[in-house]
Amino acid sequence: MEKQIFAQENTLKRDWFSPENPPLNPAIVIITAIERLELERIGRSLRKQYGSYESPEYIDSLHLNAYKILPESIARALMRMGTDFSASQYGAVVFRGLIDVDQEALGPTPSSWQEIDKGKIMEYGFICSLLHGAVPSKPVEYYVQRKGGGLMHAIIPDINMAYSQTGSGSKTELFVHTEDAFLFNAADFLSFLFLRNDEKVPSMLYSIRSHGKPGEAMKPLFEEVFKCPKDANFSQQDATGDAPHASILYGNPEAPFIRFDAAEQIFNEDAGQSPEALEHLQKFWNEAQGLIYDEFIPEAGDLIFVNNHLCAHGRNAFTAGFKQEGDQLVPCERRMMLRMMSKTSLIHIQPVAHPQNPYLVMEEHYGKIYPATISSTL
Ligand SMILES: [Fe+2]
């Protein structure tokens, strides 16, 4: 009897150790023309039925819709992301050509995310949310990011923020980071849907799994001795504060998860990092830098789906609104991307969620919650 139970348990066992072949790049799933047409039809019909991907009725029944109507190969690839955290799981998958983007209907790129016409991206919101639903994971919003700002955010280079380490920046490399590394309840999964990338900016991905089995340089990263200021969307004084220390790695010591922001934790001189913590981070960074994957240049219609506990993201520096033609830079529409974030369990985020909105995370900095005075205005 005992033997039988053991055999059953083994069927769920994953490959935790593969030091010889650690994954170095995301899987790329090529979407067929038929699947693309099907997704387009799905987006249109959901819009007709529910009006908005933020309709409570739609979001409540998200998983049902995801499994009923998504093409099976896409749903299966995403379900795997929700259950496989093994040594061979990179933590990101690229869906090449997920949608056709009608560039003319989209019109010129707005000057900032505040000016996006939500009507033009409504169907994309339905498609992205279904992908999260298939994991299964639920789209959420964060007060710390745009005061909530809805379940999907347009990421657009903003001329006034060109040099910032944020999604609105462009002129400097956006160092790899897991999203909201300064929160304990950061997103579990992220999607980045590219509507245009005429500047041909490569995306950067970095997976903790690319190191193989954690070595000596990794061990100190499990200690709760690291600071992480809030990101560059905040003033310096507001960013550092008196937040507690946290670890970089957590979870299974043999196959850990990661919470890390290179710009804020290593290169921000005001981070308040102890000399020992900084030394550990630098040693780790020396190893990690060589494992950053930046060969993928997204095209309009491509989507990158990321497990935010395994894989960090970033991008190269670029000149927004200019593309290379031969040896010349010529004007083009600026890059445009849609980001959605999700949590696999709404139950676990309720201690930090808005009292009347279970999808809105009110965590400000490592467990600290925004005051009730703010919640009451939302
Ligand atoms: Fe990010």
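Read the numbers this way: they start at 1 and go in the same order the structure lists the ligands and their atoms.
- The distance between the ring centers of Tyr142 and His153 does not fall below 6.0 angstrom.
- A side-chain donor-acceptor contact under 3.5 Å links His211 and Tyr206.
- For Tyr366 and His245, the gap between ring centers reaches or exceeds 6.0 Å.
- Tracing side-chain contacts under 4.5 Å through hydrophobic residues (I, L, V, M, F, W, Y), one reaches Phe296 starting from Met337; they form part of the same cluster.
- Residue-environment remark: CD1 (Ile347) stays at or below the threshold of 12 foreign heavy atoms within 6.0 Å.
- The Fe ion (ligand 1) has His177 NE2, Glu179 OE1, His313 NE2 as its protein N, O or S neighbours under 2.8 Å.
- With hydrogens and angles left out, the side-chain atoms of Asp188 and Ser137 include no donor and acceptor closer than 3.5 Å.
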